[in-house]
Amino acid sequence: MNSIKNSINLIFVVLNIALFVMFSAACNTDNDGDENEYNPKVSVLEQPLTTNINVYANKFNYPTFKIPIVIDEDISQYNFYKTQNSDKTYVTGMTGEHLDDLEIVGRQYDCFSGLYWKFQNPETLSLCVFEFTVALKENWFANGIVRTISEITFNILDLIIVVPVSVKIFENEGNSKLLNESPIFRTGTYPTRSTIMTPNYEGKHIYYMALNWEMKGWGAKRWDDGTYATIVGFRFANEALRLDSFIIEVDNIEGKDIELRKDVIDLANVHYDLTSRNCYWSDNSVQFEIAILDNEHDMISDALIMQYTVNGGSEIHEANLMTVELNGYYTLLDRLVAIYEKE
């Protein structure tokens, strides 16, 4: 019995020693792993002015806009998008004018990477994109001023990076009304349509939207009373974009279905009647195509303004249909990669 007991004790001792050795090895492996864990360090790169952002904020509209940061590491492992704040990448402050009554919050949105060759070795450039939301504080009131942001400061992996920006925040555009405030429309929101431009884009972008008419806005009391509005022009508020085509789709005449008809607006001589007799029975889907006029910036947003008259009158009214946002992340990255390859 003693022999068996001694053998069992010896086995326990051996097992304990083995477990201790395995645990120690595991701890050493973890330490080595910590030392070798991917822990990128970013460097300060010159941040070009890439933005021409124009957005519209009031008590009914809380716009968003996006700002990219140029860095020399791929930090997509820290992507948190808009679901939570990150202690690795975050906004620390901003400089501008007339911002005291606004609450502007920015969160990391996404990262875009590209390679360039330096001394025959691949190097990584990335754009870390942040999305900002503009909200109104309790002390906000409409006073007709333009609020501006000229610099935004970020903390990227404990490195402070200051990015020059051009962001203008308007309450409205002249005497125009936002889509959700214009008297001739029935809609709940003022939209922003965002597109990412690719390096091989053809220079024009197609957008679609539904226009839900409110006939009371041009004085209609009955569907057949002969009242109407006339579309007489279009413009982009800040002349950063250009309208190249505008098409109105018509699928019925006074409530009777017809084969879909596409009315192409002559932009050189705009004149299109919106009659109560037709608009009572149907709203319209529209399709329009835009091109860029501002070739100096990669991130551009501007507002499409529709001009109209009422019942043949001479007074021109304006409705701000939407903000169009073009984000040239890849075009910017390609441009910067080309610069770095030459260095």
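Numbers here are sequence positions counted from 1.
- Between Y190 and F60, a ring centre-to-centre spacing not shorter than 6.0 Å is recorded.
- Residues D224 and Y280 are not in side-chain contact: their nearest non-hydrogen atoms beyond the backbone lie 4.5 Å or more apart.
- Taken from CG in L157 to OG1 in T89, the straight-line distance is 7.5 Å, to the nearest 0.5 Å.
- In this structure, P68 and L332 approach most closely via the heavy-atom pair CG-CD2, 4.2 Å.
- The heavy-atom pair separating M299 from I53 by the smallest distance is O-CD1, 3.8 Å.
- Nearest heavy-atom pair across N278 and N252 is OD1-O, 4.4 Å.
- Side-chain contact annotation: D263 with Y272, donor-acceptor N/O pair under 3.5 Å present.
- The environment of CG in N175 is sparse: at most 12 heavy-atom neighbours from other residues, nucleotides or ligands sit within 6.0 Å.
- Taking 4.5 Å as the limit, every side-chain heavy atom of L45 sits out of range of all side-chain heavy atoms of I161.
- Residues L321 and M209 come closest through the heavy atom pair O-CE, 3.8 Å.
- In terms of modelled atom types and a separation under 3.5 Å, the side chain of Y90 and the main chain of I156 share no donor-acceptor contact.
- By the 30° and 60° cut-offs, the orientation of the rings of W223 relative to W281 is perpendicular.
- The shortest non-hydrogen separation linking I231 to V270 is O-CG1, 3.4 Å.
- Among V134, T323, N58, the single residue meeting the side-chain contact (heavy atoms from CB on, under 4.5 Å) criterion with P63 is V134.
- Using the six-membered ring where Trp is involved, F154 and F130 have ring planes that are tilted, between 30° and 60° apart.
- For F234, the CZ atom sits in a packed shell: over 12 heavy atoms of surrounding residues, nucleotides or ligands are nearer than 6.0 Å.
- A salt bridge links R186 with D283: at least one charged nitrogen is closer than 4.0 Å to a carboxylate oxygen.
- Heavy-atom minimum distance, I300 versus A240: CG2-CB, 3.7 Å.
- One N or O on the side chain of Q47 and one on the backbone of V70 form a donor-acceptor pair closer than 3.5 Å.
- Between atom OG1 of residue T50 and atom CG of residue D298 there is a gap of 6.0 Å, rounded to the nearest 0.5 Å.
- Side-chain N or O atoms of S301 include none that pairs as donor or acceptor with a backbone N or O of V324 at under 3.5 Å.
- Close placement of the W213 and F185 rings is indicated, their centers lying within 6.0 Å of each other.
- Annotation: the span from I196 atom CD1 to E325 atom CD amounts to 9.5 Å, rounded to 0.5 Å.
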Inset, instruction - Verify salt bridge (charged side-chain N to carboxylate O under 4.0 Å, His left out) between E173 and R235, making sure each step is shown before the conclusion. - result: CA-CA 11 Å; E173 164 57 26; R235 66 184 179 90; 3.2 Å; yes
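- Within 6.0 Å of NZ on K59 lie no more than 12 heavy atoms contributed by other residues, nucleotides or ligands.
- Heavy-atom neighbours of D266 CG from other residues, nucleotides or ligands within 6.0 Å: above the threshold of 12.
- Geometric assessment of K66 against the ring of Y109 yields a positive cation-pi assignment under the 6.0 Å and 45° thresholds.
- Counting heavy atoms from C-beta outward, I104 and I149 have side chains that approach closer than 4.5 Å.
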Inset, instruction - Run the numbers on K137 and D100 for salt bridge (charged side-chain N to carboxylate O under 4.0 Å, His left out), then give the verdict. - result: CA-CA 8 Å; K137 293 182 179 178; D100 293 343; over 6 Å; no
